[in-house]
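Fair warning: this is a prediction, and the values are worked out from it, not measured in the lab. Proteins come first, then strands; the chains are lettered A, B, ... in the order of their sequence lines, and each starts at number 1.
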Protein chains: 2
Amino acid sequence: MATVSIKDVAARAGVSPGTVSNVLNRPEKVAGGTRVRVEAAIRELGFVRHGSASTLRAGHSRTIGLSVIDIGNPFFTDVAAGVEDMASERGYAVILGNSSGSRLKEERNLLVFAEQRVRGVLITPSDEDPGRLERLRERDIAVVLVDHPAERSSQCAVAVNDVTGGAMAVGHLLRGGAGRIGYVTGPAAIRQCQDRRRGAEQALAAAGRDPAELREIAMPAMTAKAGQQAAEKLLADDALPDAVFCANDLLALGMLRGLLQAGVRVPDDVSLIGYDDIDFASASTVSLSSIRQPTYQLGRVATELLLDECDNPDTHAHQQIMFQPDLVVRESTR
Amino acid sequence: MATVSIKDVAARAGVSPGTVSNVLNRPEKVAGGTRVRVEAAIRELGFVRHGSASTLRAGHSRTIGLSVIDIGNPFFTDVAAGVEDMASERGYAVILGNSSGSRLKEERNLLVFAEQRVRGVLITPSDEDPGRLERLRERDIAVVLVDHPAERSSQCAVAVNDVTGGAMAVGHLLRGGAGRIGYVTGPAAIRQCQDRRRGAEQALAAAGRDPAELREIAMPAMTAKAGQQAAEKLLADDALPDAVFCANDLLALGMLRGLLQAGVRVPDDVSLIGYDDIDFASASTVSLSSIRQPTYQLGRVATELLLDECDNPDTHAHQQIMFQPDLVVRESTR
DNA sequence: TGGCCCGATTAAAACGTATCAATCACAATG
DNA sequence: CATTGTGATTGATACGTTTTAATCGGGCCA
C-alpha cells in the first residue's frame, strides 16, 4: 500500500511484469486489449513509475542538469524558462544548479548531476576550463554549452553573436550622429563584455573612425548600482560623451538614473543604449534602447540539441548554433 | 571503466562492498586505517555514487522538488535562490518545476516529482486545492507551502504577512498627508492582492477614515505594462488621488512611468509606493518606496523546515512561520 | 587455558524496473 | 497434416547500492 509497484499492476491486470513495462515504454509492442487492461490497472492503483529503479536498470535517467551563473539575472531566468518548457514537453525533469559565479559551487553542482546520473548537462561555464566538461563526457553525460561558443567541434553549443550585437549598438549611436562614445562594461574576464567591445570597435572602424576613440569604463559588477557609479565617473570628466553603450541593461538603467539625477537629459544631451532587452528596459522612465537576444529560445534550442544527442546518439550531429541579436530602438537614443 | 561501482572500489581497497558503503554513509563505524584506504581508492578510481541505486535501496532520495508559479518573477527567483543554497548546503539537489500559473503544468510537475521519488516538495500553490497535496503526503512526500498560509495545522508553511504589509504601505501614505488613495492591484483570485487590500483598509480605519474610500483599480496582470495602463485609467478621472499603493513593484514601475510621462510629478503631485522591493525598485529614476519581504530567507527557511521534516520525521513539529515585511522609504513618497 | 565479549568486517538479500531470450498460441503455407 | 512464421507474452536476470545478521579476530577475565 505504501508503494505500488509494477508487480501489483501486473497482478491486477492478470499479466506479467514485463508486459506492464512494455505498456510503459513501448506501447506499440503490446496488443490493444491488454494495453487498456493494464492502463486501467495503473489508474486504479495509482501507480507511478519508480524513476530510480528505472534509471538503475536502464542505465540512464530522464533528467537533465542546468548550471547557470546567476539565477537572479533576468537573462538566465529567461533561458531557464525555455529549458524548463522544452524539457517538460519531452518528459524530462530539470535539476537546477546555481553557481553564483563560484567555481567551487559549479564543481559541486556538477558532482550532484553526476550522482543523479543526469542524461545531459546544460551549462554556461563561469570560466574557461575544458577539462571539467571533458570529465562529464567520459561519464557518458552529454554537454551543451549555453551562451558560450563551442570549445571544440565535437560538442554542441548555442550562443548569440555578441560581436554583431556590439556593432549594432554602436552603429545605431553613430547613425544618430554621436561623436564621442563611452563603453561601460563589466569585468574583463567576461567573454561577453569583450566580444561586445570588439563589435563596438568594428562599428567605429566601419564608419571610418579610430576604434581607440572608445572611452571604456570597466566596473567590477554588472548591476544597476555599478551603472550609477559609472555615471558618476563619467560626470567627473571634463566633457560628457555624446553617447554611451552599456554592456548590459542593468548597467544602463543605473547609468540612466545617474545621468537624469545630475540634470543630464537623455537622449537630448546623451544617447544611451543597453544590452539584453530585459523587461525593465522598456518599463523605465525613459524607455531604454537595447540589443535583444532570443533568450527564451536560447534555452529551448539548447535543450532540444541536448535531448537529440541523448535520444539519437548515433545520428546526432554536433551543432554550434549562433543566433543573431536585434536592435530595439526606444526613447533613450536619438 | 565506463562506470566504476562500489565493488571496484572495494576490490581496489581490499575490503568488501559493505565496508565501502559504510565509509560513504557512516564513516564513524569503520576503523581509521581502512577508511583512509577506501577513501584513497574512491579518489583514484573517480568513483561517484549512483544516486538511483542508492535511492532505490534506501527507499528515499536526496532531492526535493520546487514548484513555483512564475520563474520569471524576481520574487520567485529570489525564493529559488534561497532554496537552492540551503538544499545544496545540506547535500540535496533541487528539481525545478515552473507551473506558469497553469494547473495542468503544476499537475505534471508534481507527477515528475513523484516519479523521481523526491524527498519533499516546496510549492506555492497556484490555487486552492488541498486534495492534490494530500495525495503527495500519502506517498510519504513531505510538503511545505511557500508564500501561502497553511491549510491545516498538520503541515508546514512559510509566508509573509501581507495584511501587515498593506497596512504599512497605506499607513506610510497617510502619515505623508495623503487624502484620496488609490490601490492598483491584480486579479481578484490572487490571495496576496486581497490580503494587501485588507491591510490598506485597516490602516484607513485606524486613521479614523472610511475604508471604502480606497479607490481600487484591478488589472488582469501584475506587470509593468499593466501598471502603465492603470496610470492611463487614473489620469482619465476627474481628479488624481494624492497617493497610490500598487500591489507589486512591477505595477508601480509602470504606474511611475505613466505618471511622469503625463507630466505628473512624483512624489510632489502623487506619492507612489509598491510592494516586493525588487532590485529595480531602487534603480528606477525616481527610486520607489516599497514593502520589502525577506524573499531569499523565505526560500531558505522553507527548505530548512522541509529537510527537518525529512531527516527527523519523529521529532519534527509542523510549523507555520509568518514573516513580517518592512517598509522601505525612498524618493517616490513624501 | 578456556570462555566471552566487543569492535570491525563480511556475505547475502533485497529494492523496482528493463531487457532479452525463450515460449506460447495460432494462422498461414507447403 | 506437418512445418514454418509471426506477434504477443513471459520468466529470469542484472543494474548498484544499503542493510541486517552472521562471522571473524583479538583482548580480557576467571
Side-chain angles (χ1 to χ4, degrees), chain A residues 1-39 41-42 45-63 91 114-119 139-140 311, chain B residues 1-39 41-42 45-63 91 114-119 139-140 311:
Chain A
M1 165 182 148
T3 349
V4 29
S5 84
I6 219 175
K7 268 183 208 162
D8 304 319
V9 175
R12 172 106 177 196
V15 298
S16 81
T19 299
V20 176
S21 176
N22 279 336
V23 170
L24 257 34
N25 303 304
R26 308 188 202 61
E28 74 281 2
K29 289 287 174 199
V30 50
T34 41
R35 184 174 55 221
V36 306
R37 224 167 55 237
V38 170
E39 281 165 349
I42 288 179
L45 269 51
F47 165 82
V48 13
R49 182 217 314 264
H50 195 305
S52 294
S54 172
T55 296
L56 174 59
R57 170 62 229 228
H60 52 80
S61 70
R62 288 185 76 75
T63 57
E115 281 199 357
Q116 296 299 322
R117 294 297 191 274
V118 296
R119 198 70 187 280
R139 292 186 199 286
D140 259 339
D311 294 341
Chain B
M1 165 180 151
T3 344
V4 29
S5 83
I6 220 174
K7 267 184 210 163
D8 305 317
V9 175
R12 171 105 178 196
V15 298
S16 80
T19 299
V20 177
S21 175
N22 279 336
V23 169
L24 259 34
N25 303 304
R26 307 187 200 65
E28 73 283 0
K29 287 287 173 200
V30 50
T34 41
R35 183 173 57 220
V36 306
R37 224 167 55 238
V38 169
E39 282 165 349
I42 288 179
L45 269 51
F47 165 81
V48 13
R49 172 222 251 100
H50 195 307
S52 295
S54 170
T55 296
L56 174 57
R57 171 61 228 225
H60 53 79
S61 71
R62 287 185 78 74
T63 58
E115 281 199 357
Q116 296 299 323
R117 294 298 193 270
V118 296
R119 199 68 187 280
R139 291 187 199 285
D140 259 337
D311 294 341

Side chain of Leu24(A) - closest among dG16(D), dA18(C), dT10(C): dA18(C)
Side-chain donor/acceptor of Arg117(B) to backbone N/O of Ala114(B), under 3.5 Å: yes
Rounded distance (nearest 0.5 Å) linking atom CD of Glu28(A) with atom CZ of Arg35(A): 8.5 Å
Spacing between Lys7(B) atom NZ and dC15(D) atom P, to the nearest angstrom: 7 Å
OP1 or OP2 of dT18(D) under 4.0 Å from side-chain N/O of Ser54(B): yes
N or O in side chain of Ser21(B) less than 4.0 angstrom from dT18(D) OP1/OP2: yes
Closest to the Asn25(B) side chain, choosing from dT18(D), dT9(C), dA18(C): dT18(D)
Rounded distance in Å - CZ (Arg26(B)) to C1' (dA8(C)): 14 Å
Below 4.0 Å: OP1/OP2 of dA8(C) and any side-chain N or O of Thr34(B): no
Euclidean distance, atom CG of residue Leu56(A) to atom P of dT19(C) [Å, nearest integer]: 12 Å
From dT10(D), dA18(C), dG16(C), nucleotide with atom closest to Val15(A) side chain: dT10(D)
Under 3.5 Å donor-acceptor pair, Arg57(B) side-chain atoms to dT18(D) base atoms: yes
Side chain of Asn22(A) (C-beta onward), nearest among dT17(D), dC15(C), dT19(C): dT19(C)
Side-chain donor or acceptor of Arg49(A) paired with backbone N/O of Glu115(B) under 3.5 Å: no
Integer-rounded Å distance: dG16(C) C1' and His60(B) NE2: 16 Å
Separation of dC15(C) P from Ile6(A) CD1 (nearest whole Å): 15 Å
Short side-chain N/O contact to dA8(D) OP1/OP2 from Arg35(A), under 4.0 Å: no
Close side-chain approach of Ile6(A) to Leu24(A), heavy-atom, < 4.5 Å: yes
Separation of atom CZ in Arg37(A) from atom C1' in dT9(D), rounded to whole Å: 11 Å
Which nucleotide in dT18(D), dG16(C), dT10(D) has an atom nearest any side-chain atom of His50(A): dG16(C)
Short side-chain N/O contact from Ser16(B) to OP1 or OP2 of dT10(C), under 4.0 Å: yes
pair His60(A)-Asp140(A): side-chain heavy atoms closer than 4.5 Å: no
Nucleotide dT10(D), atom P - distance to NZ of Lys29(A) in whole Å: 16 Å
Sugar-phosphate, base or nothing in reach of Arg117(A), heavy atoms under 4.0 Å: nothing
Short side-chain N/O contact to dT10(C) OP1/OP2 from Thr19(B), under 4.0 Å: yes
Heavy-atom check, side chain of His50(B) versus side chain of Thr55(A), under 4.5 Å: yes
dC15(C) phosphate, OP1 or OP2, under 4.0 Å from Thr55(B) side-chain N/O: no
Sugar-phosphate only, base, or nothing, as touched by Val20(A) at under 4.0 Å among non-hydrogen atoms: nothing
